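Residue numbers run from 1 in the order of the sequence given. Quantities reported herein were computed from a predicted structural model and do not represent experimental measurements.
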Amino acid sequence: EELIKISDSIWALAETAFDETESSRILADYAEKNGLTVTRGVADIPTAFTATYGSGSPVISILGEFDALPGISQKTSPIKEPFKEGAAGHGCGHNMFGTASLGSAIAIKELMDAGKITGTVKFLGTPAEEKYFAKVWMVKAGLWDDVDVNVSWHPSASIEADVQSGLSLIDFIVEFYGQSAHASMDPWNGRSASDALELYTTGINYYREHILPTSRIHYHIQDAGQVVNVVPDYAKLWVRVRDPKRSKMLPTYERVKEMAEGAAIMANVDYKISLVSGIYETLVNRSGGEIMQNNLELLGPITYTEEETVFGKAIQKATGKPEIGMDGIVHPLKETEENPGGGSTDVGDVSWNVPNINLGVSVAPAGTPWHSWAVVACGGMSIGHKGMIHASKAMAMTMLDLFQNPKLVTKVKEEFKTRKGDEVYEPMIEGPPPLNDK
């Protein structure tokens, strides 16, 4: 009941990247209330924190996210209906993410108090996953240096131990600087920054045909001038490049940067490129996935009431998806890692520094669009609550296995070393976290 109350409070707050002040405080306060030692403001990020308990080895960490997405506020209704017009919403279920993980950490703490296990449990409150990828700065700060194995989960439309990777990604800002002039009286005295922006995006769009089929390029125009009768002297866009492998993503990134210079030359303007941050693909750990899979099968499926099934089908109808209801079954462990999907996460950077065990649990109807109002609607009511508690149990059981069986820890760590090989992790950030660039 307390975890559901916390999740619903964070759901209603819906605070976005680096602004999750109250959401972070709620989780940190609850950790302290339950006897964990809390350190706030870690890695120079006010909303990041750690909560630890115990001593010695093994050290098992668990991730907790709590940031929302802009502009998708929604009531707990199967019809699109904003909770607060224009506000943010938890369209990725992070209100449940951090809450479930903290519940797992507290369960382990209680077993330590009962004398059943020894070691250290470490909860990490990780903000800004949706935009700036704060875990990269947290990794750089050494917050996983003492950890043997990390555990994580993500809200999903199905229940499965996650042995699929994600996409590596890099974010950067391109700015063009020209000369303003009257757009009709003397446009020849102007040098248009928005011309450079249009030439640049045109170049990107032609380039799409010639990149690897696994790669992706996105952009968002943030400024292209203010009025029609002024030649704009400033333009700005946010660009993102992805690929399942960082090694293949970086050459595309370099080429797209060169294209910004070409656009600036054609428009006779100056330009600037600023790195926001970048993240690695997730390093899969099948040994850990097998441990998690065993616990998911032990827990069994999630069962839904008739009212929840009706709600789920109504969500599917409203979003144009087949009305098949909720997927509460436990899916088998995937045999291949060839299909990483389209998502990216800074959990990837954690996974290149410490073995990571991940899972997904149903919190929304099958097939509904993610990062949308549909997920927000489910995350504040019983469908989301059930998935959150299920995930919390599965992670606690998996951590218990690791605390009780040193051979499992060794096996997971050995696979991590083999998969990582000679790769040297290099964080794709420059300078401190962009706390004021929101």
Query - salt bridge (Lys or Arg N to Asp or Glu O under 4.0 Å) between Arg25 and Glu22, worked out - result: CA-CA 5 Å; Arg25 182 191 61 77; Glu22 285 302 303; 2.7 Å; yes
Query - Side-chain heavy-atom pair Ser23, Glu65 within 4.5 angstrom cut-off - result: no
Requested in this report: Provide the full list of salt bridge (Lys or Arg N to Asp or Glu O under 4.0 Å) pairs with a residue in residues 359-388, sequence neighbours left out, each pair given once.
Outcome: Glu308-Lys386
Report task. Test side chain to side chain contact (heavy atoms under 4.5 Å, CB included) on Leu400 and Ile117 and set out the steps. Result -> CA-CA 8 Å; Leu400 177 58; Ile117 53 175; 3.7 Å; yes
Report summary line: From the list Lys417, Lys413, Arg419, salt bridge (Lys or Arg N to Asp or Glu O under 4.0 Å) with Glu415 holds only for Arg419
Report summary line: With sequence neighbours left out, the residues meeting ring pair (Phe, Tyr, Trp, His ring centres under 6.0 Å) with Phe172 are Tyr253
Requested in this report: Answer yes or no on whether Lys109 is positioned over the face of Tyr53, meaning its NZ or CZ is under 6.0 Å from the six-membered ring centre and within 45° of the axis.
Outcome: yes
**Report entry** Proximity of Tyr425 and Trp352 rings by center, below 6.0 Å
**Finding:** no
Query raised in the report: Relative to each other, are the rings of His94 and His90 parallel, tilted or perpendicular (30° and 60° limits)?
Result: tilted
Report task. Evaluate the ring planes of Phe18 and Trp137, with Trp represented by its six-membered ring, and classify them as parallel (under 30°), tilted (30 to 60°) or perpendicular (over 60°). Result -> perpendicular
Query raised in the report: What is the minimum heavy-atom distance between Ile429 and Lys140, and which atoms define it?
Result: CD1-CD, 3.8 Å
**Report entry** Distance-only donor-acceptor check, side chains Trp144 and Asn150, under 3.5 Å
**Finding:** yes
Query raised in the report: Is Ile159 close to Ile302 at the side-chain level, that is, under 4.5 Å between some pair of heavy atoms?
Result: yes
Query raised in the report: In terms of the angle between their ring planes, are Phe176 and Tyr200 parallel, tilted or perpendicular, with boundaries placed at 30° and 60°?
Result: perpendicular
**Report entry** Residue pairs, two or more places apart or on separate chains, that pass salt bridge (Lys or Arg N to Asp or Glu O under 4.0 Å) and touch residues 38-57
**Finding:** Asp29-Arg40, Glu32-Arg40
Query raised in the report: Does the side chain of Pro322 reach to within under 4.5 Å of the side chain of Gln316, using non-hydrogen atoms?
Result: no
Report task. Could you go through the side chain to side chain contact (heavy atoms under 4.5 Å, CB included) check for Asn356 and Ser152 one step at a time? Result -> CA-CA 7 Å; Asn356 180 66; Ser152 182; 3.9 Å; yes
Query raised in the report: Between Ser101 and Phe123, which heavy-atom pair has the shortest distance, and what is it?
Result: CB-CE1, 3.7 Å
Query raised in the report: Is the distance between the ring centroids of Phe97 and Phe66 less than 6.0 Å?
Result: no
Report task. Take Lys420 and Glu423 through the test salt bridge (Lys or Arg N to Asp or Glu O under 4.0 Å) and record every step on the way to the result. Result -> CA-CA 6 Å; Lys420 185 176 181 182; Glu423 178 83 19; over 6 Å; no
